[in-house]
Amino acid sequence: MNEFSDSLLAWFAGAARDLPWRRTRDPYAILVSELMLQQTQVTTVIDYFERWMKRFPDVRTLADAAEANVLRMWEGLGYYARARHLHRAAKAIVQAGGGFPRTLDEIRALPGVGPYTAGAVASFAFGIRAPMVDANIARVIARLRNIREPIDSSAGRKLIWQQAASMLPTDGEQARAHNGALMELGATLCKPGEPPCRHCPVKRWCRAKDPATLPAKEPRRAMIELEENCGWILQHGRVFLETSNGSRGPGMWRLPVIAVPARRSPIHESHYPVTHHRVHLRVFPAPRPARIRKNQRWIEIARLSETAMTAPHRRALTSLLDLDGVRRKLVPPRAGGSRRVPVVR
DNA sequence: AACTCGGGGAG
DNA sequence: CTCCCAGAGTT
């Protein structure tokens, strides 16, 4: 071991956060945590991880679960393809005999597992000497080596990964701690913006000229405005929903898209961001559909809690149901009258 | 190499 | 508003 590793690992031993997925080497648990952590902050993931492990404690339980339940457990985390990938990965592992893949290449072949996640699972679960580069490690390495190439460019990624591999201790167990320590350094100390270099355990080896300007990144894409007009269709205690079809994948339910009704004002309006889009959501009262398409369903209000929905649509629906509840108390349906629940407007 | 993911948290 | 986040899949 060199001095750099000594300093880094000594610091890590005293500074490591106590995170649930650091208390285990169960490869399934590590895989779950890594999929959840893709593009998602640690503090957001902790509760989801613990709920998930309680509900789907092992690969077989997850493989046997219905996709609707899997997506419902993921609701609020975003990027729902990750949940479907994790579900597919569990099915693939069970189908292959139930033993968790134990080599970097086999782990990399699982759905939803890219270069980062493969390295993380191999290293954290099995102590395999594998590099891993996430946003934290990319930032730390860009600063340590004063790499000005944008880290999200092809050339920049290549440089960072080469450095990550070359810095790795020979021993697998030490490499495991090294990966965790670099990540922790980036998450807690070598943060974006102006980092507190005074307290850095490895500042002696850092070549960053101007840490605040590192890492460089490609300019981000322009925001795209989207308008979304949905229908509020309520009848017999059921609400009419649809699930997206096509590339966005099925399973997440939402209010049905409708043509904009003329001369009506929306009963709900909200804005929400999704990646580089900004969506302007408007909900209008709408008539009961003449035909029900394949991706559409009436869903009992009582069963909405077990229906996976994107967060903005869940919020819209909840607020509209609350409003409807209020109106129904003020104007109770006439006895013997129409069974149709009055449309709120 | 560029686009998409119908995300979410923090400043 | 802004930027960032334990990225990966598709085209």
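Numbers restart at 1 for each chain; the letters A, B, ... are given by sequence-line order, proteins then strands. Fair warning: this is a prediction, and the values are worked out from it, not measured in the lab.
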_Length of the CD-P vector between A/Glu75 and B/dG7, whole Å_ =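 It is 10 Å, rounded to the nearest whole Å.
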_Nearest-Å distance for atom pair CD/P, residues A/Glu228 and B/dG7_ =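 The distance from CD of A/Glu228 to P of B/dG7 comes to 10 Å, rounded to the nearest Å.
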_If you count heavy atoms of other groups shown closer than 6.0 angstrom to NZ of A/Lys91, is the number above 12?_
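Count over threshold, so yes.
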*asked:* Heavy-atom count check: over 12 atoms from other residues, nucleotides or ligands less than 6.0 Å from A/Arg60 CZ?
replied: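 Not buried by this count: 12 neighbours or fewer within 6.0 Å.
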Show me the donor-acceptor pairs within less than 3.5 Å that the side chains of residues 217-229 of chain A make with the rest of the protein, sequence neighbours left out.
from: A/Glu227; atom 1: OE1; to: A/Arg282; atom 2: NH1; distance (Å): 3.4
from: A/Glu228; atom 1: OE1; to: A/Tyr272; atom 2: OH; distance (Å): 3.0
from: A/Glu228; atom 1: OE1; to: A/His313; atom 2: NE2; distance (Å): 3.1
from: A/Glu228; atom 1: OE2; to: A/Arg254; atom 2: NH1; distance (Å): 3.2
from: A/Glu228; atom 1: OE2; to: A/Arg254; atom 2: NH2; distance (Å): 3.1

Contacts under 3.5 angstrom, residues 197-210 of chain A side chains, donor-acceptor by atom type, not counting sequence neighbours:
from: A/Lys203; atom 1: NZ; to: A/Arg198; atom 2: O; distance (Å): 2.9
from: A/Arg204; atom 1: NH2; to: A/Glu3; atom 2: OE1; distance (Å): 3.0

Under-3.5 Å N/O pairs linking protein and nucleotides 1-3 of chain B:
from: B/dA1; atom 1: OP2; to: A/Ser154; atom 2: OG; distance (Å): 3.1

*ring pair (Phe, Tyr, Trp, His ring centres under 6.0 Å) involving A/His276 - partner list, sequence neighbours excluded*: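 With neighbours one apart ignored, the set is empty.
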*A/His277 or A/Thr44: which one's nearest nucleotide on DNA chain B is closer to the 5' end?*
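Its nearest nucleotide being more 5', the pick is A/His277.
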Between side-chain atoms of residues 15-34 of chain A and protein atoms elsewhere (two or more places apart, or another chain), which donor-acceptor pairs fall under 3.5 Å?
from: A/Arg17; atom 1: NE; to: A/Glu184; atom 2: OE1; distance (Å): 3.3
from: A/Arg17; atom 1: NE; to: A/Glu184; atom 2: OE2; distance (Å): 2.9
from: A/Arg17; atom 1: NH2; to: A/Glu184; atom 2: OE1; distance (Å): 3.0
from: A/Asp18; atom 1: OD1; to: A/Arg23; atom 2: NE; distance (Å): 3.0
from: A/Asp18; atom 1: OD2; to: A/Arg23; atom 2: NE; distance (Å): 3.4
from: A/Asp18; atom 1: OD2; to: A/Arg23; atom 2: NH2; distance (Å): 2.6
from: A/Arg22; atom 1: NH1; to: A/Arg17; atom 2: O; distance (Å): 3.1
from: A/Arg22; atom 1: NH1; to: A/Glu184; atom 2: OE1; distance (Å): 3.1
from: A/Arg22; atom 1: NH2; to: A/Glu184; atom 2: OE1; distance (Å): 2.7
from: A/Thr24; atom 1: OG1; to: A/Asp26; atom 2: N; distance (Å): 2.8
from: A/Arg25; atom 1: NH1; to: A/Glu173; atom 2: OE1; distance (Å): 3.3
from: A/Arg25; atom 1: NH1; to: A/Glu173; atom 2: OE2; distance (Å): 3.0
from: A/Arg25; atom 1: NH2; to: A/Glu173; atom 2: OE1; distance (Å): 2.9
from: A/Asp26; atom 1: OD1; to: A/Tyr28; atom 2: N; distance (Å): 3.1
from: A/Tyr28; atom 1: OH; to: A/Trp52; atom 2: NE1; distance (Å): 3.3
from: A/Tyr28; atom 1: OH; to: A/Phe56; atom 2: O; distance (Å): 2.7
from: A/Ser33; atom 1: OG; to: A/Ile30; atom 2: O; distance (Å): 2.7
from: A/Glu34; atom 1: OE1; to: A/Tyr116; atom 2: OH; distance (Å): 2.7

_Across nucleotides 2-9 of chain C, 5' to 3', mark each nucleotide with B, S or - according to how protein heavy atoms within less than 4.0 Å reach it._
-SBBBBSS
*Charged N to carboxylate O under 4.0 angstrom, A/Glu75 versus A/Arg314?*
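Looking at A/Arg314 together with A/Glu75, the answer is yes, because their closest N to O distance falls below 4.0 Å.
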*For A/Tyr272, answer base if it contacts any base atom (sugar-phosphate contacts may also be present), sugar-phosphate if it contacts only those atoms, and nothing otherwise; contact means non-hydrogen atoms under 4.0 Å.*
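Here A/Tyr272 touches the bases of the nucleic acid.
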*Are A/Glu306 and A/Arg303 close enough that some pair of their side-chain heavy atoms sits under 4.5 Å apart?*
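A/Glu306 reaches A/Arg303 side chain to side chain.
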_When the C1' atoms of C/dC5 and B/dC5 are compared, how many Å lie between them, rounded to an integer?_
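Their C1' atoms lie roughly 14 Å apart.
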